[in-house]
Number of protein chains: 2
Amino acid sequence: LMNRICIALDAMGGDHSPRCVLGGADLALQDDTNLYFHIFGNKEQILPLWQSTQRLRHFSEIHHTDEVITPELKPAQALLGFKKSSMRLAIACVAAGEAQAVISGGNTGAYVALSKVLLKMITNIDRPVLPALMPSIKGTTVLLDVGANLNCDAENLVQFAIMGECFARILLQKESPSIGLLNIGSEESKGHPALHEAAQMLKKMPNLNFYGFIEGSDITLGTVDVVVTDGFSGNLVLKAIEGSAHFFAQLLRDALGSSLRGRLGYKMAAPAFTKIKEQIDPRHHNGTLFLGLKGLAVKSHGGTDAVGFANAIQVAASMVQKNLVSSIEERQIAREAIPQ
Amino acid sequence: LMNRICIALDAMGGDHSPRCVLGGADLALQDDTNLYFHIFGNKEQILPLWQSTQRLRHFSEIHHTDEVITPELKPAQALLGFKKSSMRLAIACVAAGEAQAVISGGNTGAYVALSKVLLKMITNIDRPVLPALMPSIKGTTVLLDVGANLNCDAENLVQFAIMGECFARILLQKESPSIGLLNIGSEESKGHPALHEAAQMLKKMPNLNFYGFIEGSDITLGTVDVVVTDGFSGNLVLKAIEGSAHFFAQLLRDALGSSLRGRLGYKMAAPAFTKIKEQIDPRHHNGTLFLGLKGLAVKSHGGTDAVGFANAIQVAASMVQKNLVSSIEERQIAREAIPQ
């Protein structure tokens with residue numbers, strides 16, 4: 001039991017809860033019986049699913065609550081009321097040391113606000129930051145911030161880079177992931193002053209694999225492992241790339257479906273198309289977390305299914321095992337020891 | 001001769017000049033013998049190409065010059081020296097009233113700086129803005145600014161919207177193109193204050209089909225005809241979408257090429273893939289122009305070929321015919337007549 005990884009699950013967050021949460025936990029246990037879950041939510045809805053799988057019954061317990069944080073709720077409302085919501089109780093479980101990570105697919109704004117209050121920020125990290133995992137030609141690119149940090153100064157961007165590097169080291173299993181700053185050109189004179197200042201600071205940093213400025217096209221090309229940007233730009237490019245995926249899928253469907261030759265060709269090459277779908281399947285890129293907190297709060301996509309939720313559990317487990325929070329803390333301490 | 005459209009061509013701008021310029025002019029004359037070209041550049045390089053096509057010889061004249069604006073040149077250098085560069089002379093040809101539009105595929109920074117000085121800004125328009133033509137599910141979306149306007153206030157964005165609408169009305173042949181402001185959510189509270197202010201101003205504007213805020217994914221989905229944003233964000237999303245196109249093409253090549261079934265399926269469906277290539281062929285989206293100037297300065301992509309350059313000529317000709325500059329001027333005058 002000593003090496004067991006305990007994870008608190010908000011069973012009520014996300015579109016397909018609690019089904020996808022329970023199903024995901026069950027799937028994760030297929031691969032790793034070293035996990036144990038504290039499941040928070042409405043017992044009436046959870047029990048039928050929970051009782052149907054012996055594995056899950058052995059490696060989890062249910063903590064009943066009626067209260068739920070709905071998607072429309074503002075962060076301030078979630079902070080002030082809803083003291084017994086499944087999301088809050090699951091986060092509190094980590095704060096109390098009874099679990100090593102929490103996972104929720106619920107209201108992102110409420111989740112980050114509650115996590116910030118209950119888990120606290122790492123010393124000298126100013127804001128929590130949310131990375132996205134993007135499929136790229138090289139595999140996966142970490143893009144951050146895609147959360148709500150609108151205006152970022154050079155110091156914020158440098159902190160994002162440090163946290164992104166620690167996250168990517170574990171997630172991508174790379175010794176020294178490369179870091180790029182998103183800009184509108186690779187020349188040093190391009191873009192906002194905060195970017196120039198951040199680039200100067202990152203360049204001087206020892207043991208950091210800083211690539212320099214990269215452009216929007218480099219995200220899916222996989223030029224670097226970690227793309228650093230402010231939350232406004234990060235959200236725009238993330239959505240632009242998601243929109244492109246829909247656009248190309250639609251083009252393919254229209255073109256291949258509009259003729260007999262197209263339909264036959266599609267049928268012939270079906271395994272190839274299945275392979276592509278798997279490569280860009282968002283479920284395999286599900287599970288990111290608020291970086292900068294003293295505890296691990298993993299965000300699952302609200303629309304994911306059991307397979308996607310199981311992936312988020314794997315992300316949480318590997319961050320626990322490789323001690324993400326300590327590695328960020330150590331990076332920040334090492335940074336302060338160096339004369340700037 | 002009275003209705004003839006005269007266009008000044010910088011024969012030396014772009015990677016494949018003067019070949020793609022002369023070839024493009026010749027192609028354009030196939031469809032429209034109402035055109036006449038003033039060709040600026042090195043006569044030695046131009047003459048062999050020019051003499052090989054009778055059509056072009058009849059409907060153009062060459063103005064020799066040795067000087068060329070190279071891609072590396074800074075705008076300030078281009079403004080101060082190079083008084084006899086092909087780019088400058090071509091723009092001056094419009095300023096002198098001898099041509100109604102100029103086209104160059106050369107150095108963008110130098111081109112906008114020279115155009116601003118020689119052609120002047122429209123009254124009460126603060127900055128030239130560069131739109132990009134993006135393929136979308138609905139056909140084409142105009143995205144602006146993708147030029148170099150880093151920091152934009154609400155008034156800048158409103159001007160971009162007005163100019164983008166006038167441009168799209170001609171380009172997309174729509175009576176009242178829809179306008180969207182690029183943001184990180186459709187809720188009114190999301191994003192930077194300048195966006196909220198611009199949205200309020202655009203909402204109040206009569207005869208403007210203002211949709212509201214849109215997100216990055218809406219660009220290729222074609223939710224609106226014109227996407228308005230600052231030059232930093234515009235460049236990021238433009239490049240992110242370009243990168244995605246490369247990414248998906250690579251995925252398809254890898255998946256279809258890696259098995260016999262894939263290769264056979266590809267062969268079978270080849271016409272469908274050709275159709276897709278045509279739909280997203282950047283040559284068919286080539287030819288944008290600096291909006292806000294008193295003259296028409298069309299920017300051709302530096303890497304395009306004769307087909308793409310011919311497309312830029314068609315864009316220039318339609319902007320001349322439909323009188324883009326006047327329509328922007330009228331829009332601005334109408335706006336000032338309305339109490340804000």
Side-chain angles (χ1 to χ4, degrees), chain A residues 135-137 146 148 150-151 182-185 190-192 215-223 229 231-252 254-259 261-276 279-280, chain B residues 135-137 146 148 150-151 182-185 190-192 215-223 229 231-252 254-259 261-276 279-280:
Chain A
S136 82
I137 289 178
V146 300
L150 273 193
N151 296 301
L182 189 62
N183 200 347
I184 59 171
K190 288 281 175 78
H192 297 290
E215 300 189 68
S217 49
D218 291 304
I219 301 168
T220 45
L221 296 179
T223 309
T229 187
F232 186 81
S233 303
N235 180 292
L236 291 184
V237 294
L238 169 73
K239 299 261 174 80
I241 291 167
E242 284 176 353
S244 299
H246 286 292
F247 172 57
F248 289 109
Q250 184 71 45
L251 279 184
L252 270 176
D254 290 352
L256 292 172
S258 67
S259 71
R261 281 189 65 163
R263 288 191 294 275
L264 285 173
Y266 176 78
K267 220 164 184 179
M268 182 72 81
F273 287 106
T274 305
K275 194 177 144 196
I276 294 176
Q279 265 179 285
I280 59 169
Chain B
S136 82
I137 289 178
V146 299
L150 272 195
N151 295 303
L182 189 62
N183 199 347
I184 58 170
K190 288 280 176 77
H192 297 291
E215 301 189 67
S217 49
D218 291 304
I219 301 168
T220 45
L221 296 179
T223 308
T229 187
F232 186 81
S233 303
N235 179 293
L236 291 185
V237 293
L238 169 73
K239 299 260 175 80
I241 292 167
E242 285 176 354
S244 298
H246 286 292
F247 172 56
F248 289 109
Q250 184 71 47
L251 279 186
L252 270 177
D254 289 351
L256 293 173
S258 66
S259 71
R261 281 190 65 164
R263 286 191 295 275
L264 284 173
Y266 176 79
K267 220 163 184 180
M268 180 72 79
F273 287 107
T274 305
K275 195 177 143 195
I276 294 177
Q279 264 179 284
I280 59 169

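Convention: sequence-line order gives letters A, B, ...; per-chain numbering from 1.
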Between [Y] and [X], is there a side-chain heavy-atom distance shorter than 4.5 Å?
| X | Y | result |
| --- | --- | --- |
| Lys275(A) | Ser258(B) | yes |
| Ile219(B) | Lys239(A) | no |
| His246(A) | Thr220(B) | no |
| Leu236(B) | Leu236(A) | no |

Which one, [options], leads in non-hydrogen pairs under 4.5 Å with chain B?
| options | answer |
| --- | --- |
| Gly262(A), Ala245(A), Ala240(A) | Ala240(A) |
| Phe247(A), Tyr266(A), Phe273(A) | Phe247(A) |
| Asn235(A), Asp218(A), Ile184(A) | Ile184(A) |
| Leu221(A), Leu264(A), Leu252(A), Asp254(A) | Leu252(A) |
| Arg263(A), Glu242(A), Glu215(A) | Glu215(A) |

How close do [X] and [Y] get, counting heavy atoms only, and between which atoms?
| X | Y | result |
| --- | --- | --- |
| Leu256(A) | Ala269(B) | CD2-CB, 3.5 Å |
| Ala272(A) | Ala255(B) | CB-O, 3.4 Å |
| Met268(A) | Gly265(B) | CG-N, 3.4 Å |

Select one option (side chain, backbone, both, neither) describing which atoms of Phe232(A) are under 4.5 Å from chain B's heavy atoms.
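For Phe232(A), the contact with chain B is made by backbone and side chain together.
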Side chain, backbone, both or neither: which part of Lys267(A) has a heavy atom under 4.5 Å from chain B?
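Lys267(A) touches chain B through backbone heavy atoms alone.
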Part of Leu238(B) within contact of chain A (heavy atom distance under 4.5 Å):
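Neither part, no heavy atoms under 4.5 Å.
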